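Below: the structure, in structure tokens.
None of these values were measured; they are calculated from a predicted model.
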Amino acid sequence: MNKTSKMPRARNPATVFLICLFCVCALLGQFPAEAKEEQLVITGSSTMAPLVSEMGKRFESLHTGTRIDVQAGGSSRGIADVLNGLADIGMASRALKAQENDLYGVVIAHDGVTVILHSNNPIQALTDDQIKGIYIGVITNWKTVGGLDAPITVVNKAEGRSTLELFLHYFTLSNRDIKAHVVIGDNEQGIKTVAGNPHAIGYVSIGTAQYDATHGVPIRLLPLRNIPATLKTVREGTFPLSRPLTLVTKSSPAGLMKIFIDFARSSQVHDLILKQYFVPLQG
Amino acid sequence: MISSSSNISSRSKGDYLLSGTVRLLALMAGGLLLLVVSFLIHESWPALQHIGFWRFFSDPDWYPTEDSYQLTPMIWGTIWATAGSVLLASPLGILSALFCHFYAPPLLSRWYRRMVELLAGIPSVVFGFWGLVVLVPLIGRWHPPGPSLLAGILILTLMIIPTIMLVAHASIAHVPVAYIHSASALGLSRWSMIWHIILPTTKVGLLTGILLGLARALGETMAVLMVCGNVVRTPSHLFDPIRTLTANIALEMAYALGDHRAALFVSGLLLMGLVVLFVSMAEGLRHRNTYVATK
């Protein structure tokens, strides 16, 4: 090849201008969009998001000109978004903490967390101390608690999940103490993991677990302190490992916010709550 | 070599338009990468400032909500899973491409290739789901608990074989027919033709395929998240659970706040670093090999 066939080099001013234009466009591409209709932004707990999203759809169809925008991102994010003004209402699948006193929380339903085993596992019940012992790695074989001679597979939740928080709080553990063999993300993954391993133990939301157990997935929900893990005991508030599903606002709810929260607590949405295997306020 | 004034160095209006458009498109592709990297740096900046870069390697373990941010086990997890799957999938992919070209009868070859193409189109979450309900329990029966580095390697291998095989297939198809005819005329056996002529001439293509497979394995998230166990610990053998950098981001991002969130962006940044490292290693290897091949 000789010199004349060399490609011309890209150094003209037009190219430089285009580079700058491109970068500027990319940086400025985040203008807040203005909403024409009345809109509520609700963010938070991924446990609550599907439920609140269904409630939002029904609310929109009853109140024309409103838009309910629901985004999942975890209870902590829901509360942070309300504090930062990024969301009108936050969803928290736990009671408000002491340092969150300045926020307003309204319970719309309950959820329980249950310990699950594979249904081929002969164990019918475990005491709190036994469960704690299994999770901190003191008990490593089912033989120790009266089961088969098989190593226990401990299934734990990923950092930041409120199910994990509730579980740790109940058993007064720190995540550092737990000797897990498998770490999972959502409830469904936890159930699949336990259903695929006869020697596994895990914990998930009762709603999801009961739904799957009644639809042929081979898992068993363990009672806690002799109280069976059912929707009934959670509704009655007797099941020890349960949590309230809370809508959180920065100030006392007013206007559209109040209308929506009242709607979410009313009997108009009972069927939606039951459909998601949560427990409505009144029976 | 003949050149005249009307070759590509001279310009007409159309040329200007074309070169402008092409430059703009190239710029966008390059600019996008720079934007991604600068976004990663921007988002991980709080963590790099509050926590400091070295603590990601010197902290005792990974408990971000308790202010402990060790990432090394996840870097090892990522490297082992990727390396294992590339080591398994490369020979399998290349051998099946060779089988298709030189050993299989035409009808079988066509159907075989179509099936591999189909395999390439299966979404990763389906691989992950299959791994979770079939492969993991199988491994669990053999060596409990089941979710492990091995499961990750096997799933990733399945996912990248099609990439490696299809690229190898395409580059073997580009070997000049004259080479093959000459080899036959010289009375070479099929295997010595493959070993001495086909493989050396297609080296660049084969390495490109492996590189693409490697990039896919490195970036895979959902499938790995479902089968690897996700326990943050440096694996000591194949049956240990691992957590990869990608799985770490996917598992915790939805629930992360503040420094925890920024620390997850740091793991993204490290992943980007790993990609750059692997790609430049492969690039170096490729250049050395082409040099040897043309000499």
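Heavy atoms closer than 4.5 Å to chain A are found in the side chain of Val133(B), but not in its backbone. For Ile152(A), no part lies near chain B; criterion is any non-hydrogen pair under 4.5 Å. Both the backbone and the side chain of His181(A) have a heavy atom closer than 4.5 Å to some heavy atom of chain B. In this structure, the portion of Asn197(A) lying under 4.5 Å from any heavy atom of chain B is its side chain and not its backbone. With a 4.5 angstrom heavy-atom cutoff, Arg141(B) does not touch chain A via any of its atoms.
Residues of residues 243-252 of chain B lying under 4.5 angstrom from chain A, judged on non-hydrogen atoms, are Arg243(B), Leu251(B), Glu252(B) in numerical order.
In this structure, Glu188(A) CD and Phe129(B) CZ are separated by 8.5 Å, a value rounded to the nearest 0.5 Å. The line from OH of Tyr63(B) to CD1 of Ile178(A) is 8.0 Å long, rounded to the nearest 0.5 Å. Of the inter-residue distances, the one linking Ser76(A) atom OG with Arg261(B) atom CZ reads 13.0 Å to the nearest 0.5 angstrom.
The residue among Pro147(B), Gly140(B), Pro145(B) with the most heavy atom pairs within less than 4.5 Å of chain A is Pro145(B). The candidate from Asn156(A), Val182(A), Val183(A) with the greatest count of non-hydrogen atom pairs under 4.5 Å with chain B is Val183(A). Comparing Ser148(B), Ser68(B), Gly30(B), Pro64(B) by how many heavy-atom pairs each has under 4.5 Å with chain A, the most go to Pro64(B). Top candidate by heavy-atom pairs under 4.5 Å with chain A, chosen from Asn230(B), Asp240(B), Leu34(B), is Asn230(B).
The minimum heavy-atom distance linking Pro137(B) with Gly196(A) is given by the pair CB-O, 3.3 Å.
Dense packing is recorded around CH2 of Trp62(B), with more than 12 heavy atoms of other residues, nucleotides or ligands lying under 6.0 Å away. Environment of NE2 in His237(B): crowded, with over 12 heavy atoms of neighbouring residues, nucleotides or ligands closer than 6.0 Å.
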**Request:** Decide yes or no on side chain to side chain contact (heavy atoms under 4.5 Å, CB included) for Lys192(A) and Met226(B), but give the supporting numbers first.
**Result:** CA-CA 10 Å; Lys192(A) 295 256 157 46; Met226(B) 289 165 101; over 6 Å; no
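A side-chain donor-acceptor contact under 3.5 Å links Gln189(A) to the backbone of Leu225(B).
The side-chain hydrogen bond (donor to acceptor under 3.5 Å, both in side chains) test applied to Thr72(B) returns Gln70(B), not counting sequence neighbours.
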